[in-house]
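Notes for the one structure printed next.
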Protein chains: 2
Amino acid sequence: MVRRNEIVDLSARLFAANGYAATGIREIGDAAELARGALYYYIDSKESLLGEIHNRVMDPLLDQTRNIVGLKASATTRLRLISEVLLTQIIEHQDHVWVFLHEYRSLTGERRTTFKRKRDEFENLISDVLSAGVESHEFQIDDLRLTMLAFLGMHNYTYQWIHGASAVDPVKLSKLYCDIFLAGIAAGSPGDGV
Amino acid sequence: MVRRNEIVDLSARLFAANGYAATGIREIGDAAELARGALYYYIDSKESLLGEIHNRVMDPLLDQTRNIVGLKASATTRLRLISEVLLTQIIEHQDHVWVFLHEYRSLTGERRTTFKRKRDEFENLISDVLSAGVESHEFQIDDLRLTMLAFLGMHNYTYQWIHGASAVDPVKLSKLYCDIFLAGIAAGSPGDGV
DNA sequence: GTCTATAGGGTGATAGAC
DNA sequence: GTCTATCACCCTATAGAC
């Protein structure tokens with residue numbers, strides 16, 4: 001079972017480096033120092049590896065985010081915490097995150113619907129915090145969904161340029177993103193049409 | 001030559017829908033109603049199609065952006081114009097943009113270096129406008145590169161969710177993004193450490 | 001310009017020996 | 001648990017007939 005996890009991690013590295021479709025089961029076997037027959041003792045299929053990589057990032061991210069949203073704190077504070085948690089995952093698990101943000105369309109059937117459900121829940125949690133901030137007059141937001149996507153885009157796109165970049169501190173980057181975003185949606189800011 | 005362009009466009013659609021590596025030359029032939037032999041009368045290789053898709057988006061984008069940066073206008077205005085031009089490309093040429101933002105790592109050799117050079121130039125043009133805004137005291141920016149990437153990420157990530165979404169107006173979306181971003185980097189905003 | 005046939009080499013997955 | 005051999009199929013690209 002430990003061996004299986006090693007194989008999932010090394011697959012994430014290969015998929016992130018060369019793409020899911022372009023990576024052969026033979027390369028995974030080579031990296032694991034296992035012939036193909038032996039490899040299939042540990043895995044069910046190539047796609048099952050893809051599914052496990054997704055879960056390995058998405059499940060802890062959802063857990064942490066649910067906890068943060070449930071906190072008795074201002075919307076501003078909770079949004080900053082979500083930002084830190086998300087960026088920490090993106091930066092510290094670059095390979096897994098690359099795969100889950102880049103290759104999710106290669107999932108099929110039940111694995112695909114499960115993953116879509118989790119992503120939707122994550123987006124809804126962010127929208128909930130933005131909504132709460134409007135209620136409490138912390139934020140002024142015209143279009144909730146597009147604003148949520150602007151927040152998510154600024155964060156998620158990080159996976160594209162962080163690869164191979166020299167060390168970036170997730171807390172510092174989170175502060176930079178949130179300082180921009182929170183000033184941009186602050187009640188009384190120039191964007192509110194007053 | 002017209003036929004060739006049709007094949008490039010239909011390839012963009014297939015690559016965006018199913019991924020570059022997962023799309024076979026046979027599927028492209030089927031979509032063009034051409035046997036594989038005849039298809040190769042029009043194209044040099046599968047990768048040449050990928051290269052042409054990239055150029056079809058990147059070249060006009062760079063042209064327009066160079067022109068905007070050269071305008072005698074405030075940094076704020078020029079940044080809003082770049083945002084509109086970029087989002088118009090992303091929304092009106094969804095398939096081509098998907099391919100160029102998602103599959104550029106499948107380019108090899110000279111095609112790859114050429115494309116990287118163009119992307120770098122585009123990023124530098126944005127950084128130039130941000131710099132100009134700092135000079136003119138329109139903007140307050142700590143880390144120029146990370147701030148440029150925050151801007152780019154918010155915009156580029158749009159390609160991920162725009163696919164299949166109902167019609168979105170690029171001008172409206174640009175205003176939403178820029179209202180947030182410009183308030184976030186405005187001189188005298190909460191993020192500047194005053 | 002378009003076709004069929006084929007080269008030369010991959011693919012994911014399984015069977016069965018050890 | 002690990003191996004080799006193999007199945008059935010797919011791939012990009014080219015040759016040469018029409």
Side-chain angles (χ1 to χ4, degrees), chain A residues 1-55 95 99-100 102-112 115, chain B residues 1-55 95 99-100 102-112 115:
Chain A
M1 212 55 194
V2 168
R3 196 74 206 274
R4 191 194 157 94
N5 283 341
E6 284 171 13
I7 293 170
V8 171
D9 289 340
L10 113 212
S11 302
R13 185 159 41 75
L14 292 173
F15 293 162
N18 308 317
Y20 173 73
T23 302
I25 221 72
R26 159 170 258 144
E27 294 170 67
I28 297 170
D30 287 352
E33 292 180 305
L34 237 34
R36 268 158 302 164
L39 180 64
Y40 274 92
Y41 173 80
Y42 291 102
I43 71 168
D44 292 335
S45 66
K46 187 183 168 186
E47 202 192 312
S48 75
L49 286 172
L50 190 60
E52 291 212 36
I53 294 167
H54 279 71
N55 291 336
D95 292 335
V99 174
F100 117 79
H102 211 83
E103 308 279 9
Y104 62 92
R105 288 153 101 250
S106 297
L107 292 173
T108 64
E110 195 173 342
R111 264 187 282 260
R112 184 164 192 157
F115 182 65
Chain B
M1 211 58 192
V2 169
R3 196 75 206 274
R4 192 192 157 96
N5 283 340
E6 284 173 13
I7 293 170
V8 171
D9 288 339
L10 116 209
S11 301
R13 186 160 40 76
L14 291 173
F15 293 161
N18 307 318
Y20 173 73
T23 302
I25 221 73
R26 157 171 259 145
E27 294 169 69
I28 296 171
D30 287 352
E33 292 181 304
L34 237 34
R36 269 157 299 164
L39 180 65
Y40 275 91
Y41 172 81
Y42 292 101
I43 71 169
D44 292 335
S45 66
K46 187 183 169 185
E47 202 192 311
S48 75
L49 286 172
L50 189 59
E52 292 213 36
I53 294 167
H54 280 71
N55 291 336
D95 291 335
V99 174
F100 116 77
H102 211 84
E103 307 279 9
Y104 62 91
R105 288 153 102 249
S106 297
L107 292 173
T108 64
E110 196 174 341
R111 265 188 281 260
R112 184 163 192 158
F115 181 65

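Given the structure is predicted, the values throughout are model-derived calculations rather than measurements. Residue numbering restarts at 1 for every chain, and letters A, B, ... go by the order of the sequence lines. All values below were derived from every heavy atom in this structure, side-chain atoms included, with hydrogens, water molecules and symmetry-related copies excluded.
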Between [atom2] on [N] and [atom1] on [X], what's the gap in Å once rounded to a whole number?
X	N	atom1	atom2	answer
B/Leu49	D/dC11	CG	C1'	15 Å
A/Ile25	D/dT2	CD1	C1'	17 Å
B/Phe15	D/dT12	CZ	P	9 Å
B/Arg36	C/dA7	CZ	P	14 Å
B/Asp44	D/dT14	CG	C1'	13 Å
A/Arg3	D/dT2	CZ	C1'	10 Å
A/Ile7	D/dT2	CD1	C1'	12 Å
B/Tyr41	D/dA15	OH	C1'	17 Å

To the side chain of [X], which of [options] is closest?
X	options	value
A/Arg26	D/dA13, C/dT11, C/dT2	C/dT11
B/Leu34	D/dT2, C/dA13, C/dC3	C/dC3
A/Ala38	D/dC3, C/dT4, C/dT2	D/dC3
A/Tyr40	C/dG12, D/dC11, C/dT2	C/dG12

Problem set entry | Validation row: A/Leu34, A/Ile7 side chains within 4.5 angstrom (heavy atoms) |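 Heavy-atom side-chain distance check passes, below 4.5 Å.
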Given 3.5 Å as the limit, does a donor-acceptor pair link the side chain of [X] with the main chain of [Y], or not?
X	Y	answer
B/Arg4	B/Tyr42	yes
A/Arg105	B/Asn18	no
A/Glu47	A/Thr108	yes
A/Lys46	A/Gly24	no

Exercise. So what does B/Gly37 hit on the nucleic acid, given a heavy-atom distance under 4.0 Å: a base, only sugar-phosphate, or nothing?
Worked result: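 Result for B/Gly37 = base.
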Exercise. So which one's nearest nucleotide on DNA chain C is more toward 5', B/Leu39 or A/Thr23?
Worked result: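 Here B/Leu39 is the residue nearer the 5' end.
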